[in-house]
Amino acid sequence: MIELNKKKSLYSLRFEDLKKVVEEYGEKGFRAKQIVDDLYKCKNQGLDDFRLLPNKLILKLKLDYTVFDFELVKRLVSADKKTFKYLFLTSDNKYLETVLMKHDYGNTVCVSSQVGCRMGCNFCASTVNGLERNLLAYEIIEQIAYIQYLEKIRVSNIVMMGMGEPLDNFDEVLDFIKRVSSEDEFNISIRKITVSTCGIAPKIRELADKNLQINLALSLHNPFNHKRREIMPVGARYSVQEVMASIDYYVQKTGRRVSIEYTMIDGENDGIEEAKELTSLLKGKLVHVNLIALNAIEGSEKKKSSDKNIKFFKNYLSKRGINVTLRKSLGQDIDAACGQLRASNI
Ligand code: SAH
């Protein structure tokens with residue numbers, strides 16, 4: 001098959017690369033700074049919008065580059081206009097989805113790190129068709145840039161809780177974190193970036209050794225190995241104890257508090273036994289539990305826990321000194337849980 005020679009996105013260039021490109025075109029290096037200011041400060045879609053650049057530079061750039069190489073396929077807005085969901089098509093025709101949540105404290109973008117996922121959690125729509133491919137660092141950046149451009153807003157927080165397992169795409173995700181927090185590019189505070197993992201213990205340790213001041217979230221969902229394995233196949237490779245030991249190591253290395261994500265599924269993980277076991281597992285650790293009611297996915301019989309059970313579970317933990325909050329489920333009217341929009345489009 002003949003591949004169309006598609007133009008590359010300007011976001012695929014790091015600041016240093018951009019400087020080189022500009023110099024190769026016979027222009028001064030400071031032009032790269034002007035391009036970067038436009039790319040990351042939500043002004044542009046087309047190259048013609050780079051008003052400070054000389055025309056001849058724009059013409060040269062246009063021959064080789066485009067600003068965005070994604071196509072926006074769908075944009076959904078929740079009834080309260082606080083949650084926005086986007087379906088993008090990549091340059092090689094893969095669907096990926098991204099979510100924007102407007103909070104009082106700022107704008108959070110939930111990015112995808114892979115197209116699909118191979119972790120197989122049986123309550124998650126992202127994994128239904130397995131992994132198609134890893135996203136490149138710039139494709140994670142482009143999700144944020146595209147949303148800034150579309151909504152004319154500044155993004156302040158990033159959560160890697162969209163499609164994919166970030167630690168299964170380790171190098172690109174690290175590169176993404178480096179670039180997105182760099183003063184030369186997005187300049188988003190590293191403390192406002194959250195990486196969420198299903199619990200690949202050795203990768204959590206590797207991440208700890210990088211000593212980044214990011215937030216780490218662990219998707220636990222059940223404290224019992226035999227039950228966790230049933231809903232999360234990764235639990236068969238790394239036991240709850242192994243994962244928690246890697247979390248201890250992470251806390252010790254970085255001094256950062258870790259979030260424990262706990263999706264509440266009716267009759268599966270919302271009973272007193274789990275509450276008890278979870279309490280003894282987490283007691284005395286520098287962690288915070290986020291309870292999330294399951295967002296039911298199509299074709300699955302799993303339901304979210306009842307309000308009564310959620311309340312009981314939360315109170316049980318908090319009375320025993322565990323930090324716990326119930327996370328508000330946003331955007332249910334627009335398929336906002338991981339992979340749901342893509343699943344209903346492929
Ligand atoms: N692979 C990473 C990040 C993606 S999922 C991880 O596992 O952490 C982000 C969070 O949403 C995870 O805690 C995941 O378990 C949860 N999640 C996935 N599908 C969900 C659903 N249908 N309802 C509620 N939470 C879900």
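In each ligand, atom 1 is the first atom listed, and ligand 1 is the first ligand listed.
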message: Using ring-ring contact (aromatic ring centres under 6.0 Å, His included), reason through Phe88 and Tyr146 one step at a time and then give a plain yes or no.
response: CA-CA 10 Å; Phe88 294 116; Tyr146 212 134; 5.0 Å; yes

With heavy-atom distances below 4.0 Å as the criterion, list the atoms of ligand 1 near [X].
X	value
Gly164	1 (N), 2 (C), 3 (C), 4 (C)
Ser219	6 (C), 7 (O), 8 (O), 12 (C), 13 (O), 15 (O)
Cys124	18 (C), 19 (N)
Cys198	6 (C), 7 (O), 8 (O)
Thr263	24 (C), 25 (N), 26 (C)
Gly162	4 (C)
Leu294	21 (C), 22 (N), 23 (N), 24 (C)

- request: Give a yes or no on whether Ile214 and Phe170 share a hydrophobic cluster (residues Ile, Leu, Val, Met, Phe, Trp, Tyr; joining criterion: side-chain heavy atoms under 4.5 Å apart).
  value: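 Same cluster.
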
query: Out of Glu261, Met161, Arg327, His221, who gets a non-hydrogen atom closest to atom 14 (C) of ligand 1?
result: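 Shortest heavy-atom distance from atom 14 (C) of ligand 1: His221.
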
Between the side chains of [X] and [Y], is a donor N or O closer than 3.5 angstrom to an acceptor N or O?
X	Y	answer
Arg179	Tyr40	yes
Thr197	Glu165	yes
Tyr249	Asp209	yes

task: Tell me which part of Leu218 gets within contact of ligand 1: side chain, backbone, both or neither, using heavy atoms under 4.0 Å.
output: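 It is neither; nothing of Leu218 touches ligand 1.
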
message: Parallel, tilted or perpendicular, judged at 30° and 60°: which one describes the rings of Tyr316 and Phe312?
response: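 Rings of Tyr316 and Phe312: tilted, as their planes differ by 30° to 60°.
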
Between CD1 on residue Ile297 and OG on residue Ser126, distance to nearest 0.5 Å: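 Atom-to-atom, Ile297:CD1 and Ser126:OG are 9.0 Å apart.
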
